[in-house]
Amino acid sequence: MTVTVLVDLIVMLGMLVVVPMGLRLLDGPEIAAPRALWFPYAAAGAVSLWLPRGALAAGLAACYALVTLLLALAAPRRLARTRSLAPAEVAALTALVSPAIAATALVAERWGHELFGFDLEILDLTVPHFHFAGFAAALVAGLVRGAAPDRPASAFAGLSVPLGTLLVLLGYFVDDWAELAGAVVLTAGMWAVALVTWQDVRARDVGDRVGRALLGISATVLVATMLLALSWALGEATGLPHPNLAWMAATHGLANALGFALCSLLAWRRLRTEDLRPHRTEPPHPTQQEIPA
């Protein structure tokens, strides 16, 4: 399997599974429209990945960009409604905006246009980055903050994951050292997510072994994948030996997509379902028919 095919498969997972699953974990009336419209527009974007670069591929990618723009416009509406920049809200706002950045890079790459002077390979890798490090990581950081509101580590995660994502984006325009700084902040935030997930969220008495296992996998995977991200950013900045982009896609990218993002969202969906179930505080009284004669 070539790197391009692997990256495209990861992007499809983000478009068609991770983002719509994540949107179901966000509340608020402002995301109702993009959530309802998501799949057909995302399907158009997914098809664009497998077409030759040109007008048709770019047009289908632009369809996807429209629904991501609608999602991004939900961010200021959410901010106006909540009037909060608490860590969980900062993380949620970052999640809402990130797919639009990914879609912008996708349209340019599918057209064959080196947007802002970035070569097509960088644009191609920007698409999965902002689906997973942007949307999924920020969303999970916000959920972790909500589940452990008294933990300083969860507040750190809710702020540092969005900040790290922003710094990495700015590093694209500045230099490799700025991108390294963003990678350091993002890694620290993701490790905080892993720590709180392992120590607090997994400890919730929900009686769901599958959910606990998924959370354990997602927390463990983050330790390794973010070390890979750091080694790559450090190598790019200093010239030290480091994994190439093909290796990063096959290790960091694939593990983050499946081991972190997908496992995390599946676990959080199970947790939300568990929370919605009625919990009895005492055993039910038998009815007259259940009492032995």
Roughly how far, to the nearest 0.5 Å, is the CD1 atom of I122 from the OG1 atom of T126?
-> 6.5 Å
Which atoms form the tightest heavy-atom contact between V168 and A183, and what is the distance?
-> CG2-N, 3.8 Å
Within a radius of less than 6.0 Å around CZ of F116, do more than 12 heavy atoms belonging to other residues, nucleotides or ligands occur?
-> no
Residues in side chain to side chain contact (heavy atoms under 4.5 Å, CB included) with A72, at least two apart?
-> A100
How far apart are the C-alpha atoms of V97 and T68, what are their side-chain angles, what is the distance that settles it, and do they pass the side-chain contact (heavy atoms from CB on, under 4.5 Å) test?
-> CA-CA 8 Å; V97 171; T68 65; over 6 Å; no
pair L106-L49: side-chain heavy atoms closer than 4.5 Å | yes
Check A138 against A91 and note the closest heavy-atom contact, atom names and distance.
-> O-CB, 3.2 Å
Supply the atom-to-atom distance L163 CG to L186 CG, rounded to the nearest 0.5 angstrom.
-> 9.5 Å
How far apart are the closest heavy atoms of V161 and G189, and which atoms are they?
-> CG2-C, 3.7 Å
Honestly curious: do V221 and L195 fall in one hydrophobic cluster under the side-chain, below-4.5 Å linking rule?
-> no
Does the H252 side chain pair with the main chain of T225, one donor and one acceptor, at a distance under 3.5 Å?
-> yes
Residue pairs involving residues 119-154 (criterion ring-ring contact (aromatic ring centres under 6.0 Å, His included); sequence neighbours excluded) = Y64-H131
Considering all heavy atoms of both residues, which atom of A46 and which atom of M15 are nearest to each other, and what is their separation?
-> N-SD, 3.6 Å
side-chain contact (heavy atoms from CB on, under 4.5 Å) between L93 and L85, intermediate numbers included = CA-CA 9 Å; L93 295 173; L85 287 175; 4.1 Å; yes
Hey, does the side chain of R110 reach the backbone of A57 with a donor-acceptor pair shorter than 3.5 angstrom?
-> no
Closest heavy-atom pair and its distance - A88, G142 = CB-O, 3.9 Å
Contacts of type side-chain hydrogen bond (donor to acceptor under 3.5 Å, both in side chains), residue R151, not counting sequence neighbours = Q199, D200
Sub-3.5 Å donor-acceptor pair from the side chain of S264 to the main-chain atoms of A261, do we have one?
-> no
Measuring from R81:CZ to D27:CG, what's the distance to the nearest 0.5 Å?
-> 6.0 Å
Under a 4.5 Å cut-off applied to non-hydrogen side-chain atoms, are R24 and L265 in contact?
-> no
Any L96 side-chain heavy atom under 4.5 Å of L26 side chain = yes
Any side-chain heavy atom of I10 sitting closer than 4.5 Å to one from V7?
-> no
Rounded to the nearest 0.5 Å, what's the gap from CG on L159 to OG on S154? Could you check?
-> 9.5 Å
Indicate yes or no: at least one non-hydrogen side-chain atom of W268 is less than 4.5 angstrom from one of S218.
-> no
In the hydrophobic cluster built from side-chain contacts under 4.5 Å, what are the other members alongside W198?
-> none
Residue list, side chain to side chain contact (heavy atoms under 4.5 Å, CB included) with N244, at least two apart or on another chain | A246, W247
Kindly indicate whether the side chain of E109, heavy atoms from C-beta on, has any atom under 4.5 Å from the side chain of R53.
-> yes
Kindly say whether R202 contributes a backbone atom to a donor-acceptor pair with the side chain of R212 at under 3.5 angstrom?
-> yes
Before giving the answer on side-chain contact (heavy atoms from CB on, under 4.5 Å), spell out for F260 and V140 the whole-Å C-alpha distance, their side-chain angles and the decisive distance to 0.1 Å.
-> CA-CA 10 Å; F260 166 65; V140 173; 4.0 Å; yes
Tell me whether L123 is reachable from V107 by hopping between hydrophobic residues (I, L, V, M, F, W, Y) whose side-chain heavy atoms are closer than 4.5 Å.
-> no
Side chains of L228 and W232: closer than 4.5 Å at any heavy-atom pair?
-> no
In the single-linkage hydrophobic clustering (I, L, V, M, F, W, Y; side-chain heavy atoms under 4.5 Å), do L16 and V127 co-cluster?
-> yes
Linked, directly or transitively: Y41 and V19 (ILVMFWY side chains, under 4.5 Å) = yes
Closest approach of A267 and L214, non-hydrogen atoms and distance?
-> CB-CB, 3.7 Å
Counterpart residues, side-chain hydrogen bond (donor to acceptor under 3.5 Å, both in side chains), relative to T197 (two or more places apart) = none
Name all residues meeting the ring-ring contact (aromatic ring centres under 6.0 Å, His included) criterion together with F39; count only those two or more places apart in sequence or in a different chain, and write none if there are none.
-> none
What pairs meet the side chain to side chain donor-acceptor pair (under 3.5 Å) rule with one or both residues in residues 89-107, with sequence neighbours excluded?
-> R78-E89
Not counting sequence neighbours, which residues clear side-chain hydrogen bond (donor to acceptor under 3.5 Å, both in side chains) with S48? List them please.
-> none
Within residues 174-191 or reaching into it, pairs that qualify as side chain to side chain donor-acceptor pair (under 3.5 Å) - sequence neighbours excluded = none
When you measure from the side chain of R77 to the backbone N and O of P29, does any donor-acceptor pair fall under 3.5 Å?
-> no
Hey, could you give me the CG/CG distance between L120 and L125, rounded to the nearest 0.5 Å?
-> 11.0 Å
Members besides L51 in its Ile/Leu/Val/Met/Phe/Trp/Tyr cluster (side-chain heavy atoms under 4.5 Å) = V47, L56, L60
For L215 and L271, run side-chain contact (heavy atoms from CB on, under 4.5 Å): C-alpha distance rounded to whole Å, both residues' side-chain angles, the deciding distance at 0.1 Å, then the answer.
-> CA-CA 10 Å; L215 289 169; L271 288 175; 4.0 Å; yes
Hey, does D124 have a side-chain heavy atom less than 4.5 Å from the side chain of F118?
-> no
When hydrophobic residues are tied together by side-chain contacts of less than 4.5 Å, even through go-betweens, does V174 share a cluster with V184?
-> no
Would you mind listing the cluster partners of L69? Hydrophobic ones only (ILVMFWY), side-chain contacts under 4.5 Å, chaining allowed.
-> L73
Which value, rounded to the nearest 0.5 Å, describes the distance between L9 atom CG and T4 atom OG1?
-> 11.0 Å
